[in-house]
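Single-structure report; data block below.
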Amino acid sequence: MEAAILTENLTRRFGDFTAVQDVNLRVETGQFYGFLGPNGAGKSTTIKMLTGLMAPTSGRMQILGVDLATHMVDVKRQIGVVPEGMALFGRLTGSEYLNFVGRMYGLDRTTAAQRAAELLEFMELTDHPKTLITDYSHGMQKKLAMAAAVIHGPKVLFLDEPFEGVDAIASNTLKAMLQRMISRGATIFLTSHVLEIVERLCTHVGIINNGRLVAQGPLDDLRVSTADEASPGERMSLEEFFLKTVGGPRTAAQELSWLG
Amino acid sequence: MAGLAPDSREQLRAVATLRWRLVLNSLRSVRGRMNLVSRSIAGLLVTAAGLGGAFALGATAWELTRTHKLEWLAAFFWIVFLFWQFFPVMATAFTQNIDTSALLRFPLSYKTYFFVRLAMGTLDIATALGLFWSFGLVIGISAAAPRLIPWAVVAVLGFIVFNVLLARAIFVWIEHWLSRRRSREIMGLLFFVLMIGFQFIGPALDHYAKKPTGQRFGYVAKLVPVQRALPPGLSASVIAAAGSGNASGLLGPLALLIAYSGAALALLHLRLRQQYRGENPEGNAASTATAEDAAIRPGWKLPFFSAPVSAVFEKEVRYFSRSGPMLFTMIMPLVVILLLWGGRKSFLQHQSEFFFPIGAGYCLLVMTNLVYNSFGGDGGGIQSFLMAPITFRQVVFAKNLAQFAVLVVEVAILLLGVSLIYRPPHPVFLVLTFCWYLFAAPINFGVGNLLSLYSPKKIDYAVFGRQRASETTIFASLGVQLVVMGIGAFAIFLGYHYDNYWLGTLILAVLAIPAITAYLILMRRIDAIVMTRREVLATELCKA
């Protein structure tokens, strides 16, 4: 099966600092892939490279079998992205923004307008038709960014912390939408700090720590393979697996005596 | 500072340290170092202009003091006053309104907040020059009559305090009004009423010019008490009264000057107090779209252009139309028409053929903010452009197209105005201006595109005074404008000298060829440039 996302020795340096080193990702088509790591581990840098927002220092990337460096526009046509900064134009209304994004991805005007209306309805953003995006709450902006990422029906979806700041009701709506996309054959690459969400949604997981990919594979396999050391036959929770893989919880060497 | 509590002093020190650290940290990048160089050059130029003006004003004050014509000092106080108050509003490209709202989350006392807003807001060119020139006046007066030093110092200090407070008050209130749609519309209406009012200046001057000399002096004499009752006149009156040894006569003007400063302080306090309490409507009412925007309609389709170009064009036009400060800047060329109308019966009518080219040049000048930092207002939206499956050339081209459309509208209004007020420009001046645009617009757009990519700076279209590009960009754009304006002026001069304006037109038409070629070559390279600049663009524009 052709990999939806494939990287070979993907590396990114900022001066002397190496943010991502020799990362070899393989995400098959139709997988819901959770990309985890502590703060500053290299998740956002990786996602930026995979979506063409940042150039790698070295290494190769293929999306749906197409080389990103040489066919960037072709790749972009097939992917949807909710980047770290959400990429919104604050002084447009939600419908104007979705219309804009739709046409940027090659939809004709009527289709873009229709899909914009449907997405606003689906995301429950129709109560604020006159409000500019800059006045949306953080959660509303996240929903709009998600709507913009899927308006053209991408085959691969990259989501950088998509549930951050989204309320429980909206979160459920988004999860349902993402699962429907997976069932229709799309591939989703997601980063999140909320391990429960990843555990519930993702079929596969990759963990990056200090710029290096330290674990990758089906979620169930990873939990079993490491659990046998402690208690054979039992599965670890994703949180336990994550903490074990990236070095465990830090024990406070000293108490903050001044903290009430 | 004496009245501030110890923790307030510590907070002020922390804010000052923060500003200093920001400057130091900005030097880590090449762009930051270039900005520092530009800022240093700007500082030298301002110092030169300040010292030059101070010397001229000082020499004049010295002469007036020596010849006992101290009441004439009022004219020079008025010049300084008008510059101090009008320059920051008219030239927002040189004005910076630092966002201090983030400070409100700290336990700052109102006094500290007020002080920070006042101190940071006064670090601008108008205040620097105003201070230089005011001290020039003091030195001139003091050199001619040392016994006047105390009163000159007091009067000028009062004048400075009033100007500083009034300038900040005007700024924060305009910022407030422009951020609300309803009051923005009222401001627009007031502006047009003001324009119509100005139209009576010309006829009024004509009317009074026809009067006998004695009668004219009579009218001027009537104006003198009015100006004396206003702060610049009051400052001069204090010094004049001290000069004539009339100690009791100076107390009245001084008290009134202090009262004016108090009124300006109250105005400033009123607005800053609202901000301090969190009654800050910036970005709320301002960002309310009209009812028709609510309906989901298909986007615009420009004939002959691709869907992405149409989409970006539409987005740009919507941004312009929703930005009070941008509209305020763009309306400025209409001031040219207003001035022309005012002078239509004066000596200006003999030079009317030059109005259209000069006005058209001004139209291009006011576009500087927009053209030279064209991604500044997009903020995080820049990522939308970078992620879209289109060539970046299309984005840049659409932006240039929108900017050009604004220019065309402004020039068309100017042409209509000139034609109605005087007569339609002679065809040679129409063609000359057209050829100058063919030469100047591609250069401006080309260099503007490069600087937008190499020296981007996030700006806020919603808040007055937060449209200033980086120092490097300002300097480079000024350089380009000087060159293109200079070449245009030279073309007109050649035509004037040889009494054949087709000559200058031909030169501009020839120059347009390399200018357009260079623009096209640059556009072909835009995508390659963006590939190397995308990280800087995204980092700089996505900053919180």
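Naming: A, B, ... by sequence-line order, numbering from 1 per chain. Only this structure's heavy atoms are used, side chains among them; waters, hydrogens and symmetry mates stay out.
Of all heavy-atom pairs spanning B:Glu535 and A:Phe14, the tightest one is OE1-CE2, 4.4 Å. Between B:Ile382 and A:Phe89, the closest heavy-atom pair is N-CE2, 4.4 Å. Residues B:Pro389 and A:Arg77 approach most closely at CB-N, 3.4 Å, considering heavy atoms. Summarising the geometry of B:Ser384 relative to A:Ala87, their closest heavy-atom pair is OG-O, 2.7 Å, with the distance given to 0.1 Å. The two residues A:Ala55 and B:Arg534 come nearest to each other via the heavy atoms CB-NH2, 2.9 Å. Annotation for A:Val81 and B:Met387: closest pair CB-SD, 3.5 Å, computed over non-hydrogen atoms.
With a threshold of 4.5 angstrom between heavy atoms, A:Met54 approaches chain B through its backbone and through its side chain. Residue B:Ala388 touches chain A through both its backbone and its side chain, counting heavy-atom pairs closer than 4.5 Å. Both the backbone and the side chain of A:Leu53 come within contact range of chain B, with heavy atoms under 4.5 Å apart.
Atom CZ of residue A:Phe100 and atom CZ of residue B:Arg318 lie 12.0 Å apart, to the nearest 0.5 angstrom. Rounded to the nearest 0.5 angstrom, B:Gln383 CD and A:Thr51 OG1 are separated by 8.0 Å.
Between the side chain of B:Lys315 and the backbone N or O of A:Glu96 there is no donor-acceptor pair closer than 3.5 Å.
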Inset, instruction - Check the pair B:Val312 / A:Met104 against side chain to side chain contact (heavy atoms under 4.5 Å, CB included), numbers first and verdict last. - result: CA-CA 8 Å; B:Val312 178; A:Met104 294 294 274; 3.8 Å; yes
